[in-house]
There are 2 protein chains.
Amino acid sequence: MKKNNIEIPSCTNCENSAGILCSLNIKEKTELSCGKLDGIFKKGEIIFKEGNNAYNLFCIHKGKVKLSKLGKDGKEQIVRFAKSGDILGYRSLLSNEPYHGTATAMVECEICIISKEVFQKVNEDNYKLSLNLIQLLSKDLKSAEQHLIDVAQKTVKERIAEALILLVNSFGYLEDKITLNVNLTRSEIADLAGTSTETTIRTLSQLSSDNVIKLEGKNILITNFKKLVQSSNTYD
Amino acid sequence: MKKNNIEIPSCTNCENSAGILCSLNIKEKTELSCGKLDGIFKKGEIIFKEGNNAYNLFCIHKGKVKLSKLGKDGKEQIVRFAKSGDILGYRSLLSNEPYHGTATAMVECEICIISKEVFQKVNEDNYKLSLNLIQLLSKDLKSAEQHLIDVAQKTVKERIAEALILLVNSFGYLEDKITLNVNLTRSEIADLAGTSTETTIRTLSQLSSDNVIKLEGKNILITNFKKLVQSSNTYD
DNA sequence: AAAATTATATGATTTAAATCAATTAATTAA
DNA sequence: TTAATTAATTGATTTAAATCATATAATTTT
């Protein structure tokens, strides 16, 4: 990580509007910003590591992050993604536990680093924030449970389709409204869908010949979202 | 559900000591108990159903409950268990969402039913409770993520072993310190491990001939816990 | 107590997906 | 700019586990 020339604005002036911290009032934002560090993480750099002691809250100002856990024989399982406005590490801070997963920058990321103490203080004084965190956890738990069922019951094709939908929901499209605004390797898509790289490649080309998606080098274009949802066999 | 002759004591006199509500002070317990209903649910009876609107918090005074979700083609996936002292439904209440899963009584259960309003009020006034809920959610999320990785990466044998360990951790043993204190059908164990009934049966007999467990009718005896952990291929 | 339903058990067969193997393409480093 | 590494692709083979098919045992219901 570089702590350098860049300077991310204080929470009070942060242009992100979606994130959970945005619901705080000016006083609380000021408190939270006080003493925060600004970090730049390069693509591929690890922000925090599964099992390490948790001393900081990370708030993504700009960038894309993948959260993963190690499974059997060191095989990676991607559990979630995070983007601008999302916070990372709060679970560990509030439960006094090591980080549950590893956070890796998927592109160059600008991230605010807030100390445990400051975050705990703000949380303690603010029922609204606690409730928001409960709701956030609740949402994450819901999708983890759904992901579990998907992996347990769905076919690889359905899971790959589902993975693509998750990517659309997490990162959206480029300006053309059709090209996925994120690039994962085939092996990362496999780690997300819980399958092998080879099978992922074959399934993607299958979806491509079904005219559901289009593969252009590293880019994946979602040419028929409706059909993609059908391929994923979900209804909710 | 029967609302009848039985009467569960007020939270202030509840003999359960492990549950999350036990950390409340007398005033809060009194508030929570005020207006609660006592219900008896027979074995197999549904306490609440996935997708239904959430109006109540359920606190298990006595009994065993399974939480499940419906997957593809209505196939059931067991996501968690709950027992005396555990609360159910709080996620939905605090997020204003329908129940995320279906809760089914595995044995006759005595359950306190607390209204959404009362619970919200107590939670709002009590940072400690919010924090406990965050920690509880955090724990559930962690195990859901672990379960996800297990299902995605482990063999059936490892998953069945893991399922048995979860049952031990959730419900413990009978007085003999060896017989699992809960009875699931083979099909339910399959729904927990994310496999088929036939494969579950075969795998259980395999574990039995490996002298890891012993099958006595409906009962499962854990004759070699250490070996069971080894069979599950976990280290944490 | 008999009938009906549900759960358990076992064998045979199929199949989806992993693994193994080798090739080509694309990045990254020297 | 070439060499080295990493990623993507495609084919062949293996395998774990699902499914199908019956049979038997154990509960429930009547």
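The sequence lines fix the lettering, A, B, ..., with proteins before strands; numbering per chain opens at 1.
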[N], OP1 or OP2 - any side-chain N/O from [X] closer than 4.0 Å?
X: K218(A); N: dA8(D); answer: yes
X: T199(A); N: dA18(C); answer: yes
X: T195(A); N: dA18(C); answer: yes

Next on the checklist: With a 4.0 Å cut-off on N to O distance, would you call R80(B) and D86(B) a salt bridge?
Outcome noted: no
Checklist entry - Charged N to carboxylate O under 4.0 angstrom, R91(B) versus E145(A)? => result yes
Item to check | N/O donor-acceptor pair under 3.5 Å between T223(A) side chain and V212(A) backbone | outcome: yes
Item to check | Check: R186(A) side chain, dT10(D) base, donor-acceptor under 3.5 Å | outcome: no
Whole-Å distance separating the [atom1] atom of [X] from the [atom2] atom of [N]:
X: I201(A); N: dT23(C); atom1: CD1; atom2: P; result: 17 Å
X: E216(B); N: dT8(C); atom1: CD; atom2: C1'; result: 16 Å
X: L207(B); N: dA9(C); atom1: CG; atom2: P; result: 13 Å
X: D191(A); N: dA8(D); atom1: CG; atom2: C1'; result: 15 Å
X: I189(A); N: dT9(D); atom1: CD1; atom2: C1'; result: 14 Å
X: L204(B); N: dT8(C); atom1: CG; atom2: P; result: 10 Å
X: I220(B); N: dT8(C); atom1: CD1; atom2: P; result: 10 Å
X: E198(B); N: dA16(D); atom1: CD; atom2: C1'; result: 15 Å

Checklist entry - Is T185(A) touching bases, backbone alone, or none of the nucleic acid, heavy atoms closer than 4.0 Å? => result sugar-phosphate
Checklist entry - NA contact type, T155(A), heavy-atom cut-off 4.0 Å: base, sugar-phosphate, or nothing? => result sugar-phosphate
Checklist entry - 5'-most contact on DNA chain D: K157(B) or S205(A), nearest heavy atom basis? => result S205(A)
Next on the checklist: If you only use heavy atoms from C-beta on, which nucleotide in dA21(D), dA18(D), dT19(C) is closest to the side chain of S196(B)?
Outcome noted: dA18(D)
Item to check | The single option from R159(A), R186(A), K75(A) passing salt bridge (charged side-chain N to carboxylate O under 4.0 Å, His left out) against D191(A) | outcome: K75(A)
Checklist entry - Toward the 5' end of DNA chain C, which comes first, R202(A) or L184(B), by nearest nucleotide? => result L184(B)
Checklist entry - Where does the angle between the aromatic ring planes of F41(B) and F58(B) fall among parallel (under 30°), tilted (30 to 60°) and perpendicular (over 60°)? => result perpendicular
